[in-house]
S.K.: 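Pasting a structure below so you can have a look.
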Amino acid sequence: MLWVVAMALFAANGVVAQEAAFVARYAESESVTGVETAYLLSIATGLASPGDPFDAQTVQESAPQRVRDLVTQDPLTLGEFSFLLTTYFEITDGLMGRLFPGPRYALRDLRRERVLFFRADAGSPVPGETALRTIRRAAALEASS
Amino acid sequence: MRRVRMIVLGGILVFSGVSAIGLEVDGIFSAGAAAAGETGTEGSVLLPASNALTMTQRFTEDAVIILQGSAALETSFDPVSSDWSFSVDRFSFEDTINRNAGWVFSYTVGRAGFADYAGILNPLTADGIVLAFKRPTLQITGLASTTALLQPGEFPNLTLADSAVAADDDRIFGLPRLLGNAGVFLPERWGRANVGIEYLYQTDLAAALEATDDSLSSGYLTIFATHPLGSRLFGFLAATGSHGSYEDGANEATTLLGGHLVAAMRGFGSGPLRPSGSLRLQAASGGASDASLPDDPGGTDTAFYGDQIASVWTAAPVGLRNVVAATAEGRLTPTDWLTFAGTSTLLAKPALGDAGIDHLLPETRGVYGLELGTTLEIKPFGDLDFDFAGSIFLPLQSGIGVFDGNAERSWSISATATLLW
């Protein structure tokens with residue numbers, strides 16, 4: 001079931017054929033990691049091609065400088081996940097987030113933009129299915145703006 | 001003494017927010033200037049500033065403890081004075097049960113805000129328990145709480161005893177009241193109509209627990225409905241009946257029996273300016289009383305006493321009593337960060353009593369006057385906005401006007417900046 005949801009989320013970006021297994025594994029994870037999330041965000045935002053294979057080192061080296069420290073194999077907190085999203089999709093809704101970029105204000109920006117509905121604190125892990133749904137809403141927000 | 005205790009309390013709030021682990025801490029800073037007055041006189045100027053800190057500790061997806069405290073500084077001129085105040089606006093445990101099974105039960109214990117289904121009350125804060133049950137086409141809510149732990153003035157002053165306590169710096173808590181509310185809301189139960197009924201009751205415990213004979217108890221039954229009137233037009237109707245009794249200790253109790261009505265339409269246009277507008281009729285019953293408190297010992301006062309209900313006029317010296325107000329509002333939003341609105345409110349006086357308003361002709365019915373207002377909202381960022389507002393009331397002094405020749409135009413202006421940090 002999760003696999004079907006994940007495929008639907010990324011079908012528009014051409015991920016289905018090449019990276020189906022990766023997306024399905026991501027959707028079923030209890031806590032997403034920085035490097036896996038950055039890989040999906042790279043494809044979702046067009047920074048990488050759907051056909052590019054997953055390579056952790058490449059993903060980390062190509063990540064925007066300000067979030068590079070988060071692009072590791074470690075699980076992301078909700079705040080860190082939000083910071084990755086706002087960085088890749090360039091969601092900069094708030095003044096505080098521009099002055100002090102980081103997980104704290106990224107999380108607020110996503111909630112204010114109604115991208116994030118996950119009821120958890122900033123330090124909570126992010127389940128894969130929640131992460132995919134949130135990435136889809138961020139992509140929809142970017143498309144509408 | 002009260003100030004010292006409140007400062008200590010505020011310090012504890014801030015310290016606990018900074019030191020605790022796992023809390024989310026959100027701040028709202030607001031600062032601005034407000035001035036009000038009458039033509040021919042020097043107006044009063046206030047510089048209010050406040051900062052609210054909200055700490056949220058989540059235990060599960062639905063169970064959460066929320067603590068919100070605020071500090072406010074208000075500087076006034078002529079003479080220059082500054083007044084600090086600290087308050088606990090919210091301290092509650094909230095949980096939701098069975099969110100994904102077709103029905104939801106939630107409860108809140110502690111100090112929390114209460115909102116009515118009809119949305120005609122100003123925010124109401126008290127300490128107690130709120131229960132809510134929701135299904136797609138049925139919502140039921142119940143509230144049992146007290147104002148005994150609120151500071152003086154945090155709940156509206158309903159009696160002279162309330163006003164006396166609010167002016168007493170040695171008082172930590174205001175006069176105690178019990179609040180109860182029960183409501184049923186039926187969203188789209190019949191077509192696209194939303195229908196609801198709710199009852200709010202407050203009983204005054206001051207006479208029983210304090211050295212005062214002054215007490216006012218009252219209940220409010222509201223029936224309301226909303227319904228689309230077209231693809232871009234929505235209608236709202238809410239009727240409230242109030243009852244209660246007032247005693248001042250020296251005379252027989254006065255029975256209260258009043259009414260309040262709101263009928264409104266709001267429409268949304270299309271186009272680059274994103275226009276919207278509304279027409280609103282708001283009426284509150286009056287009586288033969290000539291004071292702001294009931295004064296018909298042994299009799300019945302038909303004036304409406306509902307100080308928690310919001311009104312749209314700000315400069316007119318007219319309370320929500322003995323009034324019929326017709327408001328037209330227009331709003332333009334040319335960009336996401338800019339909104340301009342203008343309002344015009346005609347206020348009429350349906351009953352003879354003057355409800356404590358100065359410069360009224362005695363024993364008259366007619367038109368109070370016209371209030372014109374405008375607001376400008378600038379929101380350059382999602383967490384920062386600037387609000388500017390101004391309004392002027394033009395009293396009608398001849399013909400069908402109810403004011404004598406000494407009434408002056410009253411006005412108010414304000415500018416406020418708010419930052420979520």
Side-chain angles (χ1 to χ4, degrees), chain A residues 1-2 5 30-31 75-83 85-87 89-131 133-134 137-138 140-145, chain B residues 16-31 51-68 92-100 104 106-108 134 274 335-338 377-387 416-421:
Chain A
M1 181 60 187
L2 287 175
V5 172
E30 293 183 3
S31 178
L76 290 173
T77 65
L78 182 60
E80 293 167 342
F81 172 77
S82 302
F83 191 34
L85 241 73
T86 56
T87 299
F89 283 107
E90 298 181 351
I91 299 172
T92 50
D93 176 61
L95 174 65
M96 297 301 287
R98 293 179 189 224
L99 295 176
F100 308 103
R104 172 182 173 83
Y105 295 113
L107 177 58
R108 287 197 200 179
D109 285 351
L110 290 186
R111 284 178 173 157
R112 195 162 43 233
E113 291 284 348
R114 299 183 180 279
V115 169
L116 189 68
F117 292 97
F118 187 38
R119 289 182 299 276
D121 61 54
S124 301
V126 185
E129 186 179 4
T130 299
R133 291 184 189 281
T134 307
R137 280 193 286 267
L141 175 69
E142 186 193 44
S144 66
S145 62
Chain B
S16 61
V18 170
S19 64
I21 297 172
L23 287 176
E24 279 195 27
V25 182
D26 299 307
I28 302 175
F29 177 75
S30 174
N51 190 37
L53 209 59
T54 303
M55 285 158 274
T56 305
Q57 177 67 63
R58 192 172 290 278
F59 300 101
T60 68
E61 194 174 346
D62 293 312
V64 61
I65 284 183
I66 300 174
L67 172 59
Q68 179 178 328
S92 61
F93 175 75
E94 303 174 14
D95 196 6
T96 300
I97 298 170
N98 210 41
R99 181 180 292 277
N100 300 314
V104 171
S106 62
Y107 61 93
T108 302
K134 290 184 182 178
R274 284 181 276 178
T335 71
D336 288 339
W337 54 269
L338 179 66
E377 301 167 15
I378 302 173
K379 195 176 181 64
F381 298 98
D383 51 6
L384 174 68
D385 60 68
F386 301 93
D387 296 319
T416 307
T418 303
L419 174 68
L420 311 179
W421 59 271

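Just the heavy atoms: all of them, side chains too, but no hydrogens, waters or symmetry mates, feed the values below. Sequence lines set the chain letters: A, B, ... in the order given, protein chains first and strands last, and positions in each chain run from 1.
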S.K.: Minimum heavy-atom separation for B:D383 to A:L95, with atom names?
M.R.: OD1-N, 2.6 Å
S.K.: Are there over 12 heavy-atom neighbours, none belonging to B:K379, within less than 6.0 Å of that residue's NZ?
M.R.: yes
S.K.: Which answer fits A:L107, side chain, backbone, both or neither, if we ask what part of it has an atom under 4.5 Å from a heavy atom of chain B?
M.R.: side chain
S.K.: State plainly whether the residues A:R119 and B:E94 are in salt-bridge range, i.e. N to O under 4.0 Å.
M.R.: no
S.K.: Quick one: CZ on B:F381 to OG1 on A:T92, what's the gap to the nearest 0.5 Å?
M.R.: 8.5 Å
S.K.: Could you tell me the separation between the CD atom of B:E24 and the OG atom of A:S124, rounded to the nearest 0.5 Å?
M.R.: 8.0 Å
S.K.: Would you mind checking which part of B:L420 comes under 4.5 Å of any heavy atom in chain A, side chain (CB onward), backbone (N, CA, C, O), both or neither?
M.R.: both
S.K.: So, for A:R104 and B:W421, which heavy atoms are closest and what is the spacing to 0.1 Å?
M.R.: NH2-O, 3.4 Å
S.K.: A:Y105 versus chain B, heavy atoms under 4.5 Å apart: side chain, backbone, both or neither?
M.R.: side chain
S.K.: Could you measure the distance from the CG atom of B:D26 to the CZ atom of A:R108? Nearest 0.5 Å is fine.
M.R.: 4.0 Å
